[in-house]
Amino acid sequence: MYSKLSVIAALVALVEARFGQEGLVQSKISALSNFGNPGQAATLAGASPGVLLAGANACAKLELADQIVSELGNDPEVIAAAAALVAAEKNFNPFVTSIPTICSDPNLPATPELRGIVPLVDPAVVGSDIENANSATSLTNPFNADGLSQADVAIANGFSNFTAQASDGSTTGGNAGGNNGNNNGNNNGNNNGNNNGNNDGNNGNNGNNGNNNGNGNANNGNNNGNGGTTRCGRNRNNKNRNGNNGNNNGNNGNGNANNGNNNGNNGGNGGNGGNNNSTATDFGSCDPTMKFEGGLGGRPADEFTFQSNDPQIAANQQEALNPNIITNRICDELTNICGANDAAKAVCRDAQAQIQALGTRDATTAETWNRLLGF
């Protein structure tokens with residue numbers, strides 16, 4: 001009993017200790033007493049703790065930052081204090097959620113000098129090292145924020161482990177709780193030792209034909225190769241899901257059933273009685289491909305943007321003019337909701353870097369992305 005109370009007390013103390021950080025921002029705003037009308041800076045400073053509370057809307061602090069500049073002027077000292085508020089860490093209740101919220105309103109902040117600044121996040125948040133380094137950089141060298149919300153800017157620069165919150169309180173994202181355990185037995189090569197090692201239609205060999213050479217068709221009930229209900233394991237060397245005449249994942253289809261022991265090739269998942277040491281890409285329950293279409297998200301038909309082809313991923317990320325926002329979200333969600341394996345995640349990150357280096361923003365960008373992932 002006392003042990004439990006001690007742990008709770010320690011956690012509460014930690015939350016309170018982190019909450020005390022907003023006092024630094026408040027003091028910077030209070031120091032602006034020489035600007036605006038008498039008492040105006042003090043009033044604005046007094047409002048700052050409230051917009052950093054866990055229950056506050058993530059866009060509220062950006063609105064207050066704009067108000068500071070609007071009422072006190074755009075002197076560099078005023079801008080610096082308002083920028084500190086834009087970058088300030090917003091609290092969240094660790095007993096309720098493990099990720100913070102970031103504003104998704106592309107019109108905030110409206111002050112040009114405050115755009116492109118991303119916020120600090122609690123060090124306990126996964127990916128906080130990236131975001132907090134970006135936040136420090138953005139205070140002196142803001143990121144590009146043309147048409148982007150603070151949430152979009154954060155994603156574009158490598159951090160998406162948060163819930164995006166609009167000014168009206170609606171939210172998207174927030175699926176950073178891990179793999180959710182929904183991979184339904186997807187192709188880890190163990191599959192009860194029945195050689196069900198292949199992914200999404202890359203069906204293994206009969207296993208009774210001695211040297212079946214990867215015909216890709218599950219002709220034996222014990223070699224279904226369907227790995228549970230995995231939908232998105234992919235053959236990187238072809239664009240269909242039917243085994244490609246046995247050339248599953250570049251292994252030349254040499255199923256080599258080894259005298260009927262069902263050691264079928266199965267797209268690189270050697271099976272071997274369930275002991276899979278392969279590196280076949282398995283995208284779990286998601287389709288990692290991307291599209292470039294007009295009219296997405298209610299935009300005009302002649303306005304083309306990028307979006308994930310997977311409904312799960314698209315539900316957590318609005319369409320974007322910048323393909324890097326979508327590729328980053330796809331790669332993040334392979335871990336967060338898709339249950340992809342390490343090989344698929346590595347392929348995704350490599351493709352993400354290549355798309356960013358490519359720098360194009362048209363249909364060929366999506367085509368290149370899909371090709372790099374093996375589609």
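- In terms of modelled atom types and a separation under 3.5 Å, the side chain of D287 and the main chain of D310 share no donor-acceptor contact.
- Expressed to the nearest 0.5 Å, how far CD1 of I326 lies from CD1 of I313 amounts to 9.5 Å.
- Looking at S167 and D105, their side chains do bring a donor and an acceptor atom within 3.5 Å of each other.
- Side-chain heavy atoms closer than 4.5 Å link hydrophobic residues (I, L, V, M, F, W, Y) into clusters, and following such links, possibly through other members, connects F35 to V25.
- Rounding to the nearest 0.5 angstrom, the gap separating the OG atom in S149 from the CD1 atom in I325 is 7.5 Å.
- Side-chain N or O atoms of S128 include one that pairs as donor or acceptor with a backbone N or O of P123 at under 3.5 Å.
- Side-chain polar atoms of Q352 and N328 form a donor-acceptor pair below 3.5 angstrom.
- Checked by atom type and distance alone, the side chain of T101 never pairs as donor or acceptor with a backbone atom of A164 at under 3.5 Å.
- Using a cut-off of 4.0 Å between Lys/Arg side-chain N and Asp/Glu carboxylate O, E333 and R329 are scored as salt-bridged.
- Remark: the backbone N or O of A351 is not paired with any side-chain donor or acceptor of Q354 at under 3.5 angstrom.
- At least one donor-acceptor pair under 3.5 Å links the side chain of N341 to the backbone N or O of A280.
- S135 and N132 share no side-chain donor-acceptor pair at under 3.5 Å.
- The side-chain contact (heavy atoms from CB on, under 4.5 Å) test with T365 singles out one residue from I355, N324, T327, and that residue is I355.
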